[in-house]
Amino acid sequence: MLRKILVTSALPYANGPLHLGHLVEAIQTDIWVRFQRMQGHDCIYVCAEDAHGTPIMIKAQAEGVTPEALIARVAEEHRRDYREFLIGHDQFHTTHSPENQEVTYQLYRAVRAGGHITTRSVRQAYDEQAGMFLPDRYVKGECPRCGTADQYGDSCESCGATYSPADLRNPVSALSGTPPVWRESEHYFFQLGRFEAVLKDWLKTGARQSQVRAKLDEWFEAGLQDWDISRDAPYFGFEIPDAPGKYFYVWFDAPIGYLGAFRALCKQRGLDFDEYWAPGSATEVYHFIGKDISYFHNLFWPAVLHGGGMRMPTAVFVHGFLTINGTKMSKTRGTFITARRYLDLLPPEPLRYYFAGKLDSGIDDMDLSLDDFVARVNSDLVGKLVNIASRCAGFVARGGGRLAATLPDASLYDEFTARRTAIAQLYEAREYSTAIREIMSLADRANQYVDAHKPWALAKDPARSAEVLAVCTQGINLFRVLMSYLAPVLPQMACAAAKFLGDPLSDWNAVAKPLLGTPLGKYEPLATRLDPKTVAQLIETPAAAAIATTQRQAGTDSKAAQAAVATTAATIQDFGKLDLRIARVLAASFVEGSDKLLQLSLDLGGETRTVFSGIRAAYAPDQLVGRYVLMIANLEPRKMRFGVSEGMVLCASGDGPGIFLLSPDAGAEPGMRVS
RNA sequence: GGAAAGGUAGCUCAGCCGGUUAGAGCACGGCACUCAUAAUGCCGGGGUCGAGGGUUCGAUUCCCUCCCUUUCCA
């Protein structure tokens with residue numbers, strides 16, 4: 001039965017580049033879409049740029065460009081990154097489009113006519129200098145609970161307290177630095193609570209992820225609150241109809257961007273919008289999202305659709321986050337790997353394969369371990385999979401370049417093709433990791449087959465050339481089945497293999513019939529090994545790079561590496577990786593529970609850092625306050641029992657006792673670079 | 001602060017409802033082979049299944065406490 005399916009992945013926000021976290025989702029979605037198409041289903045994949053909101057407006061101002069120019073530029077970068085990762089969107093649109101405005105107004109008017117909108121006055125921080133209301137994240141101050149400085153207006157990073165900007169002590173606007181004033185303004189609210197029953201029914205439909213369901217139950221229990229969907233001018237977005245000076249909150253028209261993008265596609269292709277979105281539609285609609293936006297997609301979004309007279313999604317597929325080498329992505333650690341950085345160094349398919357090998361239908365986080373990445377890709381893709389074709393192709397070429405007319409081991413071939421139903425179910429259920437395991441164990445079987453029949457030995461006897469061809473025909477056919485199974489993950493390699501095989505590999509069930517008697521194209525390497533050195537370059541902090549260089553020079557033993565630092569010549573580039581700065585000690589104190597450390601608060605010229613330094617034996621805290629010191633400003637932050645140390649203060653020491661702080665000559669100011 | 005998921009061989013991970021000697025891939029050691037991008041095949045070493053309690057004839061698997069990691073909180 002032919003299915004009509006519409007699939008989306010979450011809209012990337014137009015204020016920054018794509019990173020590998022975005023790609024987890026895009027790759028998960030793209031594999032699913034390509035798989036559905038191989039099944040012969042009509043599967044459309046749309047996405048769009050999430051282009052509205054205060055952050056975009058501010059960023060554009062800061063860059064001295066219009067928001068339109070900013071989002072156009074970023075969208076182009078995003079488009080290019082997706083394309084190079086072989087993400088096959090049918091449409092990549094933008095929420096700042098006439099189509100999206102049209103659908104947004106349509107839904108809003110319907111929701112309002114249904115009585116689901118209410119208004120209420122809201123007291124909010126207002127920046128008089130900037131002339132605008134401030135979102136929570138744009139108000140900073142001291143945490144009302146623990147007093148930590150420089151916290152956002154919604155929660156404290158230090159103690160985890162959540163509160164509103166009005167609760168902050170000594171609040172200031174992040175835009176102008178002036179204290180905000182509090183003003184009342186009328187806001188529009190979507191009454192989510194009116195949809196509780198509808199949503200609960202909707203969530204019972206289809207197979208939902210248990211963890212997601214548990215979270216939703218929690219939210220239901222807490223009670224569904226009205227959702228503030230309006231923002232005051234100035235705002236970059238759509239003005240609310242009949243409400244001058246009021247704009248739709250970016251999160252209102254962002255999911256509607258799925259519809260806007262699809263409507264634009266309908267215009268291009270002459271598709272029927274209502275066939276997909278009218279209530280009771282028989283088509284399937286799926287959203288792939290990260291778990292951070294589950295609330296929006298499982299509550300607000302279906303409620304808006306329902307209230308707006310449209311159908312709700314068939315299901316929302318939630319995935320976890322990406323960590324790098326076991327920890328979360330971090331700019332200071334250099335593990336914030338952008339799509340562009342990856343693409344500048346490596347081809348896309350190894351990462352697609354690696355992610356596929358770890359993705360399942362759960363919402364657990366996934367780790368990209370760089371060592372594992374190299375090992376996995378080189379072993380599976382090159383050593384096992386491609387090797388099958390590579391080791392057979394030569395014999396076929398020498399035997400006339402044409403596959404034999406029959407398979408010597410039809411039952412082995414049937415075993416391979418018989419797995420296609422089970423593997424298809426795994427793809428369908430988004431259990432890619434299990435699918436990949438299955439496929440790779442078949443690849444092992446294929447290599448075992450070739451090994452057992454030793455075509456290279458047979459080839460020594462010219463009289464047995466038919467046997468050689470037969471064995472290799474078997475091998476090539478097993479390879480073809482495997483490549484077909486992997487085509488959703490590795491579209492480019494499948495395409496190259498298709499050229500070699502003279503068979504399109506575009507139909508999931510085509511492998512039911514083996515490829516016999518047909519000529520083979522010239523064999524060219526289908527994948528190359530990853531170089532660990534190149535992969536290591538994905539992570540690039542200046543400090544990490546310097547350490548990596550030292551370790552490479554000194555061997556793997558890190559102790560040896562440390563000892564070798566003094567004797568190994570450093571290049572000027574190595575030195576340039578260290579960001580040495582002048583800092584002034586603002587405060588110093590003993591650290592309870594440590595007899596070596598002092599906690600220092602350092603002024604870096606506009607920035608304050610906390611550093612733990614093992615100089616207690618040599619310096620008393622009050623000796624240090626006001627002193628100028630040298631620090632490494634880009635040292636990887638280190639979590640200690642007492643807190644996070646964000647740098648290192650430089651001291652001299654010798655074999656004997658004594659630690660001696662370094663200081664600049666008079667005239668140096670905090671923040672100055674040392675070179 | 002509230003909550004969720006995870007903690008199984010050096011690494012990345014499988015292990016359904018509790019039950020005989022806990023698995024795979026990679027890495028490591030040995031052997032074989034040489035067609036293949038030093039690829040492949042065979043054999044092997046290696047785990048007190050985060051810690052401590054409890055339930056049970058029996059727990060990696062259930063319950064409690066603690067520790068660690070990641071994440072979410074409209």
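Since we're looking at a predicted model, the values are computed, not measured. Lettering follows sequence order; numbering is per chain, from 1.
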Which nucleotide, B:rU37, B:rG41, B:rC11, lies nearest any side-chain atom of A:D372?
-> B:rC11
Minimum-distance nucleotide (side-chain atoms of A:N387 versus B:rU70, B:rA39, B:rC26) = B:rA39
Tell me, what's RNA chain B's dot-bracket, Watson-Crick or G-U with both distances under 3.5 Å, | for other-strand, [ ] crossing?
-> (((((((..((((.....[...)))).(((((.......))))).....(((((..]....)))))))))))).
Would you find a donor on one side and an acceptor on the other, under 3.5 Å apart, between the side chain of A:E25 and the backbone of A:G290?
-> yes
Which nucleotide in B:rA36, B:rU37, B:rG41 has an atom nearest any side-chain atom of A:R529 | B:rU37
Counting side-chain heavy atoms from CB outward, which of B:rU40, B:rU71, B:rU37 is closest to A:K384?
-> B:rU40
Sugar-phosphate only, base, or nothing, as touched by A:G290 at under 4.0 Å among non-hydrogen atoms | nothing
Among B:rU37, B:rU40, B:rU12, the one nearest A:N447 by side-chain distance = B:rU40
A:S379 has its side chain closest, among B:rC35, B:rU12, B:rC26, to B:rC26
Donor on one side chain, acceptor on other, A:W301 and A:H287, under 3.5 Å | yes
Taking only the side-chain heavy atoms of A:W456 (C-beta and beyond), determine which of B:rC35, B:rC26, B:rA74 contains the nearest atom.
-> B:rC35
Looking at the side chain of A:D292, which of B:rU37, B:rC72, B:rC11 is the nearest nucleotide?
-> B:rC72
Look only at the side chain of A:T29 and the backbone of A:S9, and say whether a donor-acceptor pair between them is shorter than 3.5 Å.
-> no
Of the candidates B:rA36, B:rG25, B:rU70, the side chain of A:T323 sits closest to B:rU70
